[in-house]
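Before any comments, here is the structure.
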Amino acid sequence: MIEILNSTELARAREAGALVAGILQTLKSRCEVGTNLRDINLWAQAMITEAGAQSCYVDYEPSFGRGPFGHYICTSVNDAVLHGLPYDYTLANGDLLTLDLAVSKGGVVADSAISFIVGDSKSSESVAMISATERALSAGIAAARPGARIGDISHAIGAVLSEAGYRINTEFGGHGVGSTMHQDPHIQNIGRPGRGYRLRPGLLLALEPWVMADTAELVTDTDGWTLRSATGCRTAHSEHTIAITNDGAEVLTLPKQAQP
């Protein structure tokens, strides 16, 4: 299913996007050495509930997961890159943490992810990997405009990641959003320009470049949800929800301090 939102729905999408961005930035400010992943989940739950919004994760039960996710946020640490199930783990100095959050407000979903390093020990490899996903995300956003195609976005993202020396997994990538969290079209993080669905104003997309330091192969954790690098190497993931407008892409999950 591909949804095209009207002006009223787009206004709701902006509200959902601002909420997701604000929650992620608040959580990032609270994450420090000694923070437990379960506490992050509880903080996310409280903020979502206070805002009168709904979690997209608690009851989420796709084919690639084991039963309902049952939590309010994905917390992926170091070698975990996607769908990190919050568990009893205390963050250590130098951990690379990804927070991925999807929320529905007013019947419209926004989805975003940020990666950052906890504490003062920041390895150059981790910093470079996070930077590569952020630059790839920016390139994908720049390629998203009316009349362009999904392949143009995938190509722009993949060009940045490949130039940075990363191998690209094509099992999981970006996707459409709207009244539900995961919709068509699927957006791989590598592709050929000029191919795929043609972008139209009113289309909402979640773009999410992610990489692993030395592999493109994933393994599923024993928890049935968390996806980790097959080699145990570190990973990074960046994501924004964007709306296609007549003028190009509007980033709905941009933190306030980062807005122009």
Side-chain angles (χ1 to χ4, degrees), residues 2 17 20-21 24 74 76 80-83 96 98-102 109-116 125-178 181-200 203-218 227 229 233-245 247-255 258:
I2 296 177
V20 168
L24 286 177
C74 296
S76 303
V81 64
L82 298 172
H83 314 152
L96 199 166
T98 297
L99 301 178
D100 191 350
L101 179 68
V109 171
D111 189 0
S112 183
I114 56 174
S115 289
F116 56 94
E125 178 188 65
S126 295
V127 170
M129 190 160 41
I130 293 171
S131 175
T133 63
E134 292 174 343
R135 288 184 283 108
L137 181 55
S138 295
I141 293 168
R145 58 188 183 276
R149 294 186 179 272
I150 291 297
D152 299 324
I153 298 175
S154 296
H155 176 73
I157 290 172
V160 173
L161 298 181
S162 297
E163 185 177 353
Y166 297 105
R167 285 173 272 183
I168 301 171
N169 177 288
T170 57
E171 296 172 80
F172 295 92
H175 50 89
V177 292
M181 176 173 59
H182 283 147
Q183 299 183 358
D184 291 330
H186 175 64
I187 309 166
Q188 290 188 347
N189 286 325
I190 191 169
R192 297 177 63 182
R195 301 294 182 93
Y197 182 79
R198 189 181 296 277
L199 307 185
R200 299 166 53 191
L203 179 68
L204 251 59
L205 301 173
L207 309 186
E208 47 181 316
W210 59 273
V211 293
M212 300 176 281
D214 61 16
T215 184
E217 184 180 353
L218 291 167
L227 295 177
S229 62
C233 68
R234 286 195 164 197
T235 69
H237 175 199
S238 296
E239 178 181 13
H240 274 313
T241 294
I242 65 171
I244 305 301
T245 73
D247 299 321
E250 178 183 351
V251 183
L252 304 183
T253 49
L254 199 65

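- Side-chain atoms of I187 and L205, non-hydrogen and from C-beta on, do get closer than 4.5 Å to each other.
- Summarising the geometry, atom CG belonging to D111 is positioned 10.5 Å from atom CG belonging to L207; distances are rounded to the nearest 0.5 Å.
- Here the closest non-hydrogen pair linking A132 and Y166 is CB-CE1, 3.6 Å.
- Although no hydrogens or angles enter the test, the distance criterion places a donor-acceptor pair under 3.5 Å between the side chain of S154 and the main chain of Q188.
- Residue E239 holds its CD atom at 8.5 Å from CG of L137, rounded to the nearest 0.5 Å.
- For the pair A136 and V160, the tightest heavy-atom approach, listed with the atom from each and the gap, is N-CG1, 3.6 Å.
- Using a 4.5 Å heavy-atom cutoff, the side chains of E217 and M212 are not in contact.
- Of all heavy-atom pairs spanning A110 and V20, the tightest one is O-CG2, 3.6 Å.
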> Should H237 and S115 be marked as a side chain to side chain donor-acceptor pair (under 3.5 Å) after you check the CA-CA gap, both sets of side-chain angles, and the distance that decides it?
Replying inline: CA-CA 6 Å; H237 175 199; S115 289; 5.9 Å; no
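- Without hydrogens or angle criteria, T241 side chain to T253 main chain gives no donor-acceptor distance under 3.5 Å.
- For the pair T215/C233, a side-chain contact is recorded, criterion being any heavy-atom separation below 4.5 Å from C-beta on.
- Contact detail for G173 and H186: the closest heavy-atom pair is N-CE1, 3.5 Å.
- Of all non-hydrogen atoms in A164 and R135, the two that sit nearest each other are CB-NH2, 4.5 Å.
- Inter-residue side-chain proximity for W210 and N169 is flagged as met; some heavy-atom pair is nearer than 4.5 Å.
- Side-chain contact check for P193 versus D152: some heavy-atom pair is nearer than 4.5 Å.
- Taking OG1 of T235 as the reference point, atom CE of M129 lies at 6.0 Å (rounded to 0.5 Å).
- Here the CD1 atom belonging to I2 is positioned 4.5 Å from the OH atom belonging to Y197, to the nearest 0.5 angstrom.
- Minimum heavy-atom separation, F172 to H83: CE2-CE1, 3.7 Å.
- With rounding to the nearest 0.5 angstrom, the OG atom of S162 is 10.0 Å from the CG atom of N189.
- Residues S238 and T133 have side chains that bring a donor and an acceptor to within less than 3.5 angstrom of each other.
- Residues H240 and L254 have side chains in contact (heavy-atom distance under 4.5 Å, counting atoms from C-beta outward).
- Side-chain atoms of R149 never come within 3.5 Å of backbone atoms of R195 as a donor-acceptor pair (strictly under, hydrogens ignored).
- The shortest side-chain heavy-atom distance between I244 and P146 falls under the 4.5 Å cut-off.
- Atoms CD1 and CZ, on I190 and R167 in that order, are 13.0 Å from each other to the nearest 0.5 Å.
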